[in-house]
Amino acid sequence: MLKARDAVHNLPTYHPPLGGRAGLRLDFNENTVGCSPRVLARLRELSAEEIACYPERQPVEAVVAKHLGINPDELLLSNGVDEAIHLLCETFLEPGDEALIVVPTFAMYEISAAATGARVISVPAGDNFRFPASNLLARINPRTRLIAVANPNNPTGAVAEPAELLEIARRAPEAAVLVDEAYFEFYGKTLLAQRRNLPNLFVARTFSKAYGMAGLRVGVLAGNISQISLVRRVSSPYNVNGVALACLPAALEDDDYVCRYVAQVRQGREELQQEFSHWGLPYWPSQANFLLANFGPLKTAFIQSMRARGVLVRDRSRDPGCQNCVRITLGTTEQTARLLKALRETLAEIGATKPGAQEVARK
Ligand SMILES: Cc1ncc(COP(=O)(O)O)c(C=O)c1O
């Protein structure tokens with residue numbers, strides 16, 4: 001019988017619950033209203049010839065590089081950040097190498113690293129999901145070849161200080177250090193400017209979140225020219241499809257669209273935090289487009305009742321340290337109003353303590 005490599009047999013499986021997602025989608029951290037109308041207009045005018053041709057990544061890389069203020073050879077466009085993670089692992093990890101991650105975090109770091117046969121070392125986040133900089137530094141050794149940090153982190157929304165990340169990159173010169181800035185637009189801080197000082201630093205960005213293009217699958221991996229050229233060797237020349245490449249410049253031209261959306265998300269994040277405080281529900285302040293909160297024994301009833309009201313939220317109970325936690329994505333102002341209404345009704349229905357009756361348990 002055909003047998004896959006042992007590393008593949010031993011992989012954890014990742015089954016995002018994508019089925020039956022009718023309703024207000026606050027479960028996947030996507031843009032809840034979709035991409036800019038300019039992207040849709042470009043999509044509609046695609047010609048048969050454009051679809052017939054193999055996609056040309058390079059001219060669009062030049063456009064994205066200009067947008068980011070870096071050189072085109074300092075970045076690689078990828079099939080989402082998912083593929084950037086995969087390519088990094090394929091480029092730098094040998095079986096038996098070590099990959100360091102902080103948990104809880106985005107699932108694909110572990111899967112892509114473990115698939116190469118590398119050993120994944122999980123460093124638990126500190127109290128209140130604080131970034132465990134010193135524990136991470138303590139685990140660096142000569143076998144460490146990859147360190148992946150989501151900043152802001154998913155599912156917690158927590159961030160690491162730039163100085164902490166830079167220290168990690170300095171102390172692990174033999175490791176590719178990935179700072180995954182998938183939620184950059186909601187946070188505003190980046191390590192991109194450090195790519196020339198630290199040749200082992202990689203920064204990832206995505207068009208799946210603020211830009212509302214998750215279905216098109218485009219991400220960016222940026223870093224030092226010589227390291228990016230190595231990753232480029234591993235990549236297929238056609239890794240990003242022609243439809244996505246055709247639409248990307250249109251998305252970048254509409255900065256206003258993204259800014260307006262991000263402003264609404266940030267405002268909604270504040271309102272939801274206040275609401276959690278009001279109900280005495282522990283939550284973790286977030287710099288991303290979502291909030292994680294602990295619903296205790298009411299968790300399952302909460303998720304089901306919200307679904308019955310047409311609002312999808314994500315159960316994160318299985319993530320390390322996240323027992324009874326639910327992650328809720330923020331969207332537009334109108335959607336936040338709908339979310340808060342459903343949340344109040346649901347909490348009342350499932351017997352949560354009445355507003356104001358409980359001391360605020362803000363974490
Ligand atoms: C931290 C992080 N990185 C990457 C991704 C995936 O991004 P993409 O859609 O570009 O593959 C996600 C999606 O949830 C994420 O949370």
Side-chain angles (χ1 to χ4, degrees), residues 14-18 21 25-32 34-35 39 60 64 68 75-89 99 101-113 122 125 129 131 146-160 165 176-187 189-191 202-222 231 235 239-241 243-245 247-248 251 258 265 284 286-292 312-316 318-319 322 325 327-331:
Y14 177 39
H15 294 299
L18 276 169
R21 292 187 67 219
R25 297 174 286 101
L26 306 183
D27 52 346
F28 270 75
N29 301 342
E30 298 151 329
N31 181 314
T32 51
C35 60
V39 170
V60 186
V64 176
L68 294 177
L75 68 76
L76 172 72
L77 285 182
S78 60
N79 197 270
V81 171
D82 282 355
E83 194 208 16
I85 296 164
H86 179 69
L87 291 174
L88 265 185
C89 291
I101 60 171
V102 172
V103 292
T105 195
F106 182 52
M108 292 312 296
Y109 307 138
E110 178 174 1
I111 293 174
S112 291
S122 299
F129 298 125
F131 183 65
L146 179 88
I147 303 174
V149 177
N151 200 46
N153 192 18
N154 174 13
T156 62
V159 291
L165 295 168
V177 175
L178 171 65
V179 177
D180 179 348
E181 298 182 351
Y183 301 97
F184 161 75
E185 290 80 6
F186 307 102
Y187 175 40
K189 290 192 194 168
T190 177
L191 282 196
F202 294 87
V203 172
R205 295 278 183 84
T206 185
F207 291 92
S208 297
K209 308 295 179 186
Y211 283 84
M213 295 165 69
L216 286 179
R217 312 299 304 130
V218 205
V220 181
L221 184 67
V231 182
S235 163
N239 61 335
V240 183
N241 71 78
V243 177
L245 290 174
C247 291
L248 201 46
V258 174
V265 166
W284 290 271
S286 160
Q287 296 293 336
N289 63 339
F290 54 81
L291 276 171
L292 187 73
L312 309 181
V313 296
R314 186 78 168 267
D315 187 350
R316 301 294 341 185
R318 293 206 183 142
D319 292 57
C322 295
C325 287
R327 192 191 65 197
I328 304 180
T329 306
L330 279 315

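Sequence positions, counted from 1, serve as the residue numbers for this chain. Note that ligands are numbered from 1 as they come in the structure, with each ligand's atoms numbered from 1 the same way. Quantities reported herein were computed from a predicted structural model and do not represent experimental measurements.
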Closer than 4.0 Å to some heavy atom of N154 - which atoms of ligand 1 meet that? 14 (O), 15 (C), 16 (O)
For ligand 1, which part of D180 has a heavy atom less than 4.0 Å away: the side chain, the backbone, both, or neither? side chain
Report yes if the side chains of V39 and Y211 come closer than 4.5 Å at any heavy-atom pair, otherwise no. no
Checking contacts here: is it the side chain or the backbone of M108 that comes within 4.0 Å of ligand 1, counting heavy atoms only? Could be both or neither. neither
Consider every N or O of S208 and every N or O of ligand 1, then say whether any pair is closer than 3.5 Å. yes
Taking C-beta and beyond as the side chain, do L292 and S286 meet within less than 4.5 Å on heavy atoms? no
Contacting atoms of ligand 1, where contact means under 4.0 angstrom from a heavy atom of K209: 12 (C), 13 (C), 14 (O)
Rounded to the nearest 0.5 Å, how far apart are CH2 of W284 and SG of C325? 4.0 Å
Judged by non-hydrogen atoms, does G219 sit under 4.0 Å from ligand 1? no
Using a 4.5 Å cut-off on heavy atoms from C-beta on, say whether the side chain of L77 contacts that of L245. yes
Which protein non-hydrogen atom lies closest to atom 5 (C) of ligand 1, naming both residue and atom, and how far is it? F106 CZ, 3.3 Å
Close aromatic pair by centroid cut-off 6.0 Å: F186 and F290: no
With heavy atoms of A150 as the reference, note each atom of ligand 1 found under 4.0 Å away. 1 (C)
For L221 and L178, which heavy atoms make the closest approach, and how far apart are they? CD1-CD1, 4.0 Å
Who's the nearest protein heavy-atom neighbour of atom 10 (O) of ligand 1, and how far? T206 OG1, 2.5 Å
Can you check whether L76 reaches L87 side chain to side chain, under 4.5 Å on heavy atoms? yes
Enumerated ligand 1 atoms positioned under 4.0 Å from heavy atoms of R217: 8 (P), 9 (O), 11 (O)
Which ligand 1 atoms are under 4.0 Å away from a heavy-atom of Y183? 1 (C), 13 (C), 14 (O), 15 (C), 16 (O)
Side-chain donor-acceptor pair under 3.5 Å between R314 and N29, yes or no? no
Quick check: does V81 get an N/O under 3.5 Å from an N/O on ligand 1? yes
With heavy-atom distances below 4.0 Å as the criterion, list the atoms of ligand 1 near D82. 6 (C), 11 (O)
NZ on K209 to CG on N289, rounded to 0.5 Å: 7.0 Å
